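Worksheet: one structure, shown below.
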Amino acid sequence: MADTTATAGGRESFLGYFKRTWRQNIIYIGFIVVFLFFAATLYDKGFLAPNNLLNIARQTAMIAVMAVAMTLVLSSGEIDLSVGAVAGLASVTTAMAITWGGLPAGIAIGLLTGVAVGLINGLLSTRLMIPTFLTTLAMMGIAKGTAMWISDTAAIPVLDPLYPAIFGGGNLGPIPTLLIWILVVGVIGHVVLRRTKFGRQVLAVGGNVVAARYSGINTSRVKLWVIVISAVTASLAGMLYAGRLQTGRFQLGEGDELSVIAAVVLGGTSLFGGKGTVIGSIIGALMIGVINNGLILMGLEYSQQLIARGGIIILAVALSQAGTRPA
Amino acid sequence: MADTTATAGGRESFLGYFKRTWRQNIIYIGFIVVFLFFAATLYDKGFLAPNNLLNIARQTAMIAVMAVAMTLVLSSGEIDLSVGAVAGLASVTTAMAITWGGLPAGIAIGLLTGVAVGLINGLLSTRLMIPTFLTTLAMMGIAKGTAMWISDTAAIPVLDPLYPAIFGGGNLGPIPTLLIWILVVGVIGHVVLRRTKFGRQVLAVGGNVVAARYSGINTSRVKLWVIVISAVTASLAGMLYAGRLQTGRFQLGEGDELSVIAAVVLGGTSLFGGKGTVIGSIIGALMIGVINNGLILMGLEYSQQLIARGGIIILAVALSQAGTRPA
Amino acid sequence: MIELAAKPIAVEMAAISKRFGGVHALREVSFSARSGEIHALLGENGAGKSTILKTLRGVQAPDSGTITIGGEVFDRLTPHVARQKGIGMIFQEMSLVPTLSVAQNVFLANELLTSAGLIDDRAMERRSAEIFGSMGVSINPAAIVADLSTGQQQLTEIAKALSQNAAVLVLDEPTSALTAGEVDILFGLLRRLRAEGKAIVYVSHRMDEIFRIADHATVLRDGRLIDSRPIADYTLATLIADIMGKATRDLSEFTTASTAQDEVILRVEHLSSKLRHGGDVSFSLRRGEVLGIAGLLGAGRSRLARMLFGLEPIAGGTITLRGRTTTIGSPKQATELGLALVPEDRRRQGLVLAHSIQDNIELPILKRLGSSPFVDLFKSRATTDDLIKRLAIKTVSREAAANSLSGGNQQKIVIGKWLATDPDILIMDEPTAGIDIGSKGEVLRLVRELAAEGKSIIFISSELAELMAVSDSIAVMSGGRLVETVDKADLLSSPGDAAELRAEQKLQLIVQRGGNHG
Amino acid sequence: QSPDEALAALANQTLSTGPNGESPVSASEVTLSNDELAQIKAMGATAAIVMHYGGDDWSQAQINGLETQFAAMGIEVIATTDAGFSSAKQVSDIETILAQNPDIIVSIPTDPTATATAYRQAAEAGVKLVFMDNVPAGFVAGTDYVSVVSADNYGNGVASAHLMAKALNGEGQIGIVFHAADFFVTRQRYDAFKATIEQSYPDIEVVAEQGIGGPDFTGDADRAASAMMVGNAEIDGIWAVWDVPAEGVIAAARANGRDDLIITTIDLGENVAIDMARGGFIKGLGAQRPFDQGVTEAMLAGYGLLGKDAPAYVALPALPVEKANLLDAWQAVYSTEAPATVSGSMN
Ligand SMILES: Nc1ncnc2c1ncn2[C@@H]1O[C@H](COP(=O)(O)OP(=O)(O)OP(=O)(O)O)[C@@H](O)[C@H]1O
Ligand SMILES: Nc1ncnc2c1ncn2[C@@H]1O[C@H](COP(=O)(O)OP(=O)(O)OP(=O)(O)O)[C@@H](O)[C@H]1O
Ligand SMILES: [Mg+2]
Ligand SMILES: [Mg+2]
């Protein structure tokens with residue numbers, strides 16, 4: 001929305017303008033502040049080493065990829081708590097399918113897992129009108145249980161060497177494939193939300209579902225699609241996990257839903273729908289990655305890391321806010 | 001709200017009436033269905049044994065207590081993700097304070113922990129206008145880290161025998177004190193939300209913050225109070241954990257935020273604010289407790305339990321909905 | 001003058017200025033209201049009326065200027081202080097909490113308590129019922145506000161303001177969704193309050209109301225104070241000239257000869273809603289015809305509009321569109337069939353308030369903006385700019401959030417977004433609510449132009465003068481049934497101004513009678 | 001003493017001592033005669049398994065061992081629970097299970113203090129308790145519970161230290177990825193590893209230590225190990241507290257192009273076994289014998305039913321695993337052939 005609303009200026013109240021825009025820009029300022037802080041304090045500990053920066057990208061990739069789809073979900077006024085568990089399930093189904101049927105089977109089954117989960121989530125929510133919070137929370141348990149059950153809670157090794165090269169493990173020249181995945185998914189997500197009719201409908205449904213329906217939008221279809229997209233993207237993230245660790249395992253992605261939603265909210269997307277920014281979400285994910293990385297490099301204990309991470313997030317948000325607010 | 005809305009009748013459309021009420025009543029029907037199902041299938045496995053039923057109450061007490069305050073939080077249009085971690089922190093501070101200064105010190109420090117956390121959460125949210133999702137998420141890490149740090153990740157035993165008798169461990173005649181805590185907190189919460197000016201303000205702020213402000217309600221003060229109440233209640237839950245387990249430990253309460261919010265949403269409170277029901281939340285918590293208990297008694301494997309729990313929640317919600325919908 | 005001087009000043013606002021970003025909403029505007037007087041505040045859309053009144057109610061802080069109440073001088077008020085000082089207000093954008101009941105809203109932040117200090121919802125419902133009773137309207141005090149029609153919400157707002165027993169009562173377009181009957185009741189109440197010595201500030205774009213009720217008028221234009229004088233000093237023409245800054249035509253001047261062709265494009269037979277029993281609507285609409293729909297509040301006019309637009313399920317009856325019997329299951333389908341609906345509640349049904357004007361206008365025409373999945377931004381901008389110009393929407397840019405516009409300008413966006421769909425049948429539900437006298441003329445002219453182009457229009461309005469001006473024939477609804485269709489020619493039995501008035505009275509009579517039967 | 005000698009010595013001894021300092025009895029001394037078995041079968045007893053956490057190969061093998069032996073003893077397993085490391089949930093699980101009046105509970109306490117009351121309730125209800133690895137606070141063997149069967153976690157820590165030293169040829173820089181929670185089993189491993197390195201290998205320097213909190217242990221370990229490699233370019237090896245974090249360390253080493261990194265850990269999971277078989281990063285690990293442990297626990301439960309005198313503390317020795325003995329070790333740990341994924345990776 002940045003491009004369509006930033007120039008509103010003029011007529012609207014300053015307070016309104018400020019309230020509308022600070023959450024849109026905050027994350028960039030926050031990100032830069034945090035990055036510079038670590039660059040300054042940790043320059044001798046390799047924070048700026050190219051490999052460390054690439055590591056951050058690698059470690060953040062799955063969260064970032066899921067955050068792109070979650071941006072759509074939150075923009076449409078819904079939520080998806082099942083992404084972490086679905087990623088775990090997809091890592092298992094993909095790994096099992098590769099063992100049985102090779103690479104194509106693995107990829108197909110992995111993505112189909114997402115489609116199936118998404119359809120269940122979506123149909124329950126749009127047909128039976130069960131809030132997505134409940135359907136996806138229930139799905140979180142179902143997906144995890146299913147993954148445990150079909151894998152017998154064991155790790156399923158991925159032995160095909162090509163798979164990890166494409167999904168998560170390899171490099172393309174000097175660039176990790178995971179970084180490419182972030183870019184590809186991010187660009188698609190950004191264009192979909194900003195430039196397509198579907199993206200407009202998503203934002204309208206999240207902004208005012210009644211007005212959207214009165215405008216001739218099939219609101220349940222839009223929601224269904226958004227939920228399916230989220231599940232498929234979660235599956236992709238699971239496949240990336242499987243590639244990076246050369247393993248499918250039900251625990252992969254566990255708890256990611258909170259990190260993903262945090263990245264998206266940090267990025268400036270509203271939990272209440274109607275506005276969202278994909279770029280912000282990716283920066284949000286990277287910011288969390290940078291903080292995690294920097295705190296470890298600092299040599300803090302785990303407990304101190306937890307405290308510092310919370311503090312930094314609040315500080316970054318507060319600082320950026322002060323930055324956008326005039327004298 | 002039930003008593004004031006049920007009679008709306010007349011003018012309003014049936015669809016409107018239906019949409020408005022089903023989420024309010026659904027939980028009771030769902031709860032009864034689930035309960036009867038387990039009673040029928042598990043009657044020979046001790047499900048209906050008085051002690052088993054009391055156990056369910058005991059096991060659900062902390063979630064139920066936190067759900068009461070969370071009902072206020074969600075009703076006001078905010079969220080509190082820190083409750084689980086705050087419970088853990090309070091269990092540690094209470095246990096440590098009892099070791100140093102005895103029972104009164106323990107109780108005082110435990111509650112003060114909640115007040116402190118609540119004020120930080122609340123002031124950051126209302127003064128710096130950082131969304132509560134972010135402040136309380138950050139607080140989740142800070143509280144957990146602090147609890148790990150001051151306890152050195154160890155369990156702190158509570159040796160005073162009186163403490164567990166009051167908080168969580170004991171019985172009053174045949175009734176577990178935990179059940180009494182649920183009742184006391186539940187009744188207070190219900191009366192506050194339904195029958196006090198403060199409760200009405202909470203609902204107004206969540207329903208339409210502009211209208212609330214226009215009506216002369218100090219909206220940030222209302223939000224601050226709600227957030228403080230939530231943190232104090234989380235501390236109380238932590239103290240109950242400490243009493244029940246005769247231990248303070250940072251992991252107590254970990255992950256409870258999701259169960260608490262689930263109980264509240266299941267109970268019919270909107271994630272978007274403006275309406276809430278304390279009784280529904282408690283029933284929601286009990287329902288989750290009953291399901292957990294029943295599935296274990298059934299002898300299911302853990303993975304199957306997860307799947308079944310998700311399925312039952314969806315079924316219960318869907319069934320109750322069909323029940324309220326005519327022909 | 002002597003009489004005026006005798007009435008004490010209840011509240012005085014001096015040199016109030018207020019900017020929103022680059023917009024000067026108010027420039028050194030002074031305004032005072034006297035006890036025992038009804039003071040009309042007038043001005044075109046975006047003139048600054050709501051802004052100055054919100055300042056008075058303490059929900060917006062002025063950039064400069066002072067407010068004097070009861071001898072006390074304030075730089076700014078808060079909602080709380082304003083209320084303590086006895087200022088009550090009915091806001092233009094209704095400020096009810098949708099999730100609470102009517103009674104809970106009426107007494108919000110002013111709850112009745114039991115002796116134990118707990119809220120007494122029953123007592124509040126009883127008191128609300130009494131207030132509604134004294135207003136002569138029937139609204140269930142236990143109903144949830146979100147389920148009310150716009151008119152009912154407006155009545156609830158009025159009840160809320162009345163329950164506070166304010167010394168200064170501010171009404172910002174309280175009648176935009178009300179029919180003549182409710183307006184009469186409201187005026188009765190206002191006269192009584194005036195007699196009790198209350199100061200009343202009244203905003204309306206309905207000129208006839210001003211002359212009926214106001215003692216004094218203040219006119220704003222572009223955030224400036226233009227004039228303030230007793231109503232007796234004005235004629236309709238001079239008042240409109242003050243408001244618009246130029247002379248404008250009277251509504252009746254938009255009356256043109258009927259452009260209806262013979263082809264029946266829409267025929268509705270015995271239509272009834274699933275959500276309310278006892279409905280029965282039959283009519284036919286010809287190409288190029290403007291069919292006005294009149295009725296009392298709750299007569300089922302909006303319901304009819306929703307049924308035709310696929311928003312409300314149909315229990316029985318048939319809809320025949322261009323000779324083919326159709327079922328319309330969703331607004332999407334309705335749009336594809338060439339229908340459009342300008343809904344009555346702009347904030348709830350018409351706009352995504354946080355989104356820009358352009359985004360709002362784009363919404364129903366996404367299909368037309370190119371065949372690719374991408375939005376044709378160029379075309380979208382062009383369409384938006386065109387509509388902003390055509391409807392004279394007062395905004396700095398098409399990128400401004402709908403929220404930041406004045407009420408009347410928001411309404412224009414809603415009209416604009418449906419005009420952009422270029423429909424064959426345009427259903428307009430109270431389309432001129434909140435639109436100023438000049439623009440209202442423009443909208444009516446537009447409707448006639450569309451009719452002349454061969455479009456058909458169903459025009460629902462509570463303002464009979466406007467219905468008379470724009471319609472070819474007028475259907476009267478009551479209790480969900482269409483009871484009578486009158487040809488305008490029959491109402492206008494004799495030419496001239498006097499006849500016009502008589503025609504309106506005749507129509508009013510039919511509307512009332514329909515109500516009595518139903 | 002060379003690492004190899006130290007490892008050889010380890011095979012015959014158990015380094016851990018019981019909760020009250022009891023010296024360990026070998027698992028091979030726990031037996032049931034045919035007569036006793038018949039007696040137990042006739043009882044038609046029921047048992048419940050209360051785990052601290054179910055999501056790893058160790059737990060599954062343990063449960064398999066228990067179920068196999070219980071089946072042989074004609075005991076029905078009526079419930080299996082997983083507390084997900086939460087002591088509160090474990091207490092609830094125990095209470096719930098007590099509603100079914102089981103005769104036996106086999107369990108590993110998440111937290112010896114917090115769960116004590118719940119176990120006490122079970123003991124008072126006459127349930128025969130057998131513990132894995134650790135016992136609740138204040139419990140007395142013979143009266144409160146039957147016995148505790150421990151994998152030699154301390155010994156495994158020692159083994160993984162010697163294996164690390166062996167792969168490093170006795171010198172180099174290493175990092176430690178430990179469990180950032182006061183959990184008995186993981187704490188013992190960490191203490192043992194660190195003490196052994198410090199005492200026996202003065203030329204090995206611990207240059208980095210990082211705790212991980214979970215629940216995403218793989219990801220946490222990945223981040224921690226990556227940072228160690230960035231911050232200490234010279235680092236030669238990393239120790240991970242169990243196999244799941246070790247997988248994260250492997251991913252980090254791979255991503256950072258550190259094909260020469262040496263990793264040792266504890267627990268023989270399938271993935272680390274595959275890596276070891278391929279000659280990858282994992283040069284050695286200390287394995288527990290969870291299947292046998294489960295079998296032993298089940299038999300001790302039988303002791304309890306019979307009222308037979310049981311040893312207070314039974315321990316299974318640590319099993320150092322290297323590529324050379326990998327397939328045999330698998331057999332020893334899981335009582336099955338190594339899967340094709342592992343054996344097929346040997347070259
Ligand atoms: N919150 C806001 N942000 C930005 N601009 C605003 C805001 N509120 C009002 N304005 C601008 O201030 C000007 C005056 O608006 P106001 O609402 O007072 O007009 P009004 O006279 O009440 O018009 P109407 O008759 O249409 O209700 C308008 O140009 C409007 O766009
Ligand atoms: N979108 C909607 N869907 C279903 N019911 C609605 C909707 N909007 C309003 N209603 C219900 O319809 C009832 C009547 O409102 P409506 O606007 O239909 O009045 P009406 O009978 O058409 O009156 P009027 O003739 O004044 O327009 C309201 O009380 C409300 O409960
Ligand atoms: Mg206005
Ligand atoms: Mg209407």
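Only heavy atoms go into these numbers, but all of them, side chains included; no hydrogens, no water, no symmetry mates. In what follows, chains are A, B, ... by sequence order, proteins preceding strands, each numbered from 1. Computed from a predicted model, the values in this text were never measured in an experiment.
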Side chain to side chain contact (heavy atoms under 4.5 Å, CB included) assessment of Arg254(D) paired with Gln246(A): CA-CA 11 Å; Arg254(D) 228 186 260 136; Gln246(A) 300 182 13; 3.2 Å; yes
Steps toward side chain to side chain contact (heavy atoms under 4.5 Å, CB included) verdict (Leu159(A), Arg278(D)): CA-CA 11 Å; Leu159(A) 298 177; Arg278(D) 283 173 169 176; 3.2 Å; yes
Chi angles and distances behind the side chain to side chain contact (heavy atoms under 4.5 Å, CB included) call for Tyr302(A), Asp220(D): CA-CA 10 Å; Tyr302(A) 185 74; Asp220(D) 280 358; 4.1 Å; yes
Verdict with reasoning, Asp216(D) to Gln251(A), per side chain to side chain contact (heavy atoms under 4.5 Å, CB included): CA-CA 7 Å; Asp216(D) 178 11; Gln251(A) 286 144 322; over 6 Å; no
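Asp152(A) and Gln60(D) get closest at one heavy-atom pair: O-CG, 3.9 Å. Looking at every heavy atom in both residues, Asn55(A) comes nearest to Ala255(D) through OD1-CB, 4.3 Å. Nearest heavy atom pair, residue Gly231(D) against residue Leu297(A), reads N-CD2, 4.3 Å.
Here the side chains of Arg244(A) and Asp222(D) are in contact, with some heavy-atom distance below 4.5 Å. A heavy-atom distance below 4.5 Å is not found between the side chains of Glu209(D) and Glu301(A). Put simply, the side chain of Thr218(D) does not reach to within 4.5 Å of the side chain of Tyr241(A), judged on heavy atoms. Annotation: side chain of Gln210(D) is in contact with side chain of Ile296(A) (closest heavy-atom distance under 4.5 Å).
Across Thr99(A), Thr153(A), Asn293(A), Ile56(A), the residue that shares the most heavy-atom pairs under 4.5 angstrom with chain D is Thr153(A). When the candidates Leu306(A), Leu245(A), Asn292(A) are compared by the number of heavy-atom contacts under 4.5 Å with chain D, Leu245(A) comes out ahead. Interface summary for chain A: among Ile250(D), Asp275(D), Val244(D), the most heavy-atom pairs under 4.5 angstrom belong to Val244(D). Comparing Ala180(D), Gly213(D), Ala227(D), Ala208(D) by how many heavy-atom pairs each has under 4.5 Å with chain A, the most go to Gly213(D).
Remark: Phe133(A) engages no residue in a ring pair (Phe, Tyr, Trp, His ring centres under 6.0 Å) (not counting sequence neighbours).
Contacts of residues 266-273 of chain D with chain A at a heavy-atom distance below 4.5 Å involve Glu270(D), Asn271(D), listed in sequence order. Taking non-hydrogen atoms and a 4.5 Å limit, the residue list of residues 34-42 of chain A in contact with chain D is empty.
Contacts classified as ring pair (Phe, Tyr, Trp, His ring centres under 6.0 Å) and involving residues 167-186 of chain A (residues at least two apart or in different chains) are given here: Tyr163(A)-Phe167(A), Phe167(A)-Trp181(A).
Using a 4.5 Å cut-off between heavy atoms, Asn52(A) touches chain D through backbone and side chain atoms alike. The part of Arg58(A) that comes within reach of chain D is its side chain, from C-beta onward, which places non-hydrogen atoms under 4.5 angstrom from that chain. If you measure heavy-atom distances from Pro157(A) to chain D, the contacts under 4.5 Å come from both the backbone and the side chain.
If you check the side chains of Gln59(A) and Ser226(D), you find a donor sitting under 3.5 Å from an acceptor.
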